[in-house]
Amino acid sequence: MHRLNAWLRRHPMVVDSAWALPVLFFGVLAAAEQTGMVADYSAAQQGAGLAVAVLLPLLMVFRRRRPDVTTAVAVALGLGQVAARIDPGASSIAYLVFAYTGAAFGRPWTSRVALVASLVAGPLTVWRLVPSYDGPNDTFLRRLLLAALMTTPFVLCWAWGRLTRVRRAYLVELEDRASRLERERDAQAQVAVAAERARIARELHDVVAHNVSVMIVQADGAAYVMDSSPKQAKEALNTIASTGRQALAEMRRLLGVLRTADTTGEYVPQPGVEELPDLLEQVRTAGLPVEFSATGEVRELPRGLELTVYRIVQEALTNVRKHGGPDASAKVAVDFRDGDLEVLVEDDGRGSTREQLTAGGADGLGHGLIGMRERVGMVSGSLDVGPRPGGGFRIRAVLPLKVSK
């Protein structure tokens, strides 16, 4: 039953057609009977009565799809019927339907027209269609009462339509308020989640900072007593290992809470310089020729610095694929020097626009340059980007190396 009601609400013409069919049947039948019963009907009146009996049900079919037009046409038909002195028949019940339709579904002007037509329906009918006769019962008060009785059903149908319109508007307002409250609730939930994650991040900072401080103190103590008391040095080293494992466990636990649903995959180490050959091979497989060279004394780097090198090369080659053109090729050079590490990525493609360089990559085509500057700034390095002599684009990053003693 619920599905049937929902389907009928989606197809109002089906319901209106079902109501229009009996109105059409009885209206045509009554028009035919009036033609035979009313002797003074002319041929034009007979044809007009039959036309009204057919047109009114036809308008009922489209009343909710075109409420303004159908109501206006129904009012015009009613005025024409009164002017032609055609007596009301079974099809005249449709006028009540259009009084309701104009108030419930029509525009404001349509509702006002339906109200005026409802108020004058009774007086016009009495004036034009109820014959007057000489007698003590045919008084003005009697005819006024008859007009009021004929007008009452139309006014009631119009009031019912207004009530339906107000109720429908009230339900729409309730739905809008419910959806607005739901959106506000979701926003508040997101704010609460963000605040909780910020608190967890502060907690992570405190836990890690405390454990690292303990490890540093223990390491200094172990170095101080290494020669004089190996047993105490061993205990200090055990404390360092235990504290480190505890710090790592706390970090993983808290980071697991901070991760969102799309980042809850298996933990893997972040990529570094040793993964560069795999990255270059993927780029070549995608269709971009890349040459790679490494100079200087290759040595182990801090994990943060290795991740910075990898991301710079990755972002630079991504930009070449996006903006370099179909025939572009690239060169990647890594130079290990005494005090710093230079990463150079060049291509011979179309280069970059001035707007991209001015906006730092935030021109709607991506944020690669912004990310590079942030990463290089985190390790106190320098980044130089710009057109390459002879065409193309050039990215040069210099990252300082901390020399271990």
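These numbers come from a predicted model, not from an experiment.
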Any chance the side chains of Thr101 and Arg63 put a donor and an acceptor closer than 3.5 Å? yes
Side-chain donor-acceptor contact under 3.5 Å, Tyr310 with Glu274: no
What heavy-atom pair brings Ala328 and Val320 nearest, and what distance separates the two atoms? CB-CG1, 4.3 Å
Compare every heavy atom of Asn319 with every heavy atom of Met372, then report the nearest pair and how far apart it is. CE-ND2, 4.1 Å
Phe336 and Glu297: which non-hydrogen atoms are nearest, and at how many Å? CB-O, 3.3 Å
Note: Phe26 and Ala90 closest approach over all heavy atoms is O-CB, 3.5 Å
Do the side-chain N and O atoms of Gln314 and Arg311 include a donor-acceptor pair separated by under 3.5 angstrom? yes
I'd like to check Arg107 versus Thr71 (side-chain heavy atoms, cut-off strictly below 4.5 Å). Are they in contact? no
Does Leu24 reach the side chain of Val54, with side-chain heavy atoms less than 4.5 Å apart? yes
Of all heavy-atom pairs linking Pro153 and Leu149, the shortest is CD-O, 3.1 Å
Run the side chain to side chain contact (heavy atoms under 4.5 Å, CB included) test on Val332 and Leu317 for me, step by step, so that the C-alpha distance in whole Å, both residues' side-chain angles and the decisive distance to 0.1 Å come before the verdict. CA-CA 9 Å; Val332 178; Leu317 295 178; 4.1 Å; yes
Pro289 versus Arg284: any side-chain heavy-atom pair under 4.5 Å? no
Check step by step if salt bridge (charged side-chain N to carboxylate O under 4.0 Å, His left out) holds for Asp16 and Arg65. CA-CA 10 Å; Asp16 295 335; Arg65 183 177 293 273; over 6 Å; no
For residues Leu77 and Leu59, determine if any side-chain heavy atom of one lies less than 4.5 Å from a side-chain heavy atom of the other. yes
Checking Trp160 now: which residues fulfil ring pair (Phe, Tyr, Trp, His ring centres under 6.0 Å) with it, not counting sequence neighbours? Tyr100
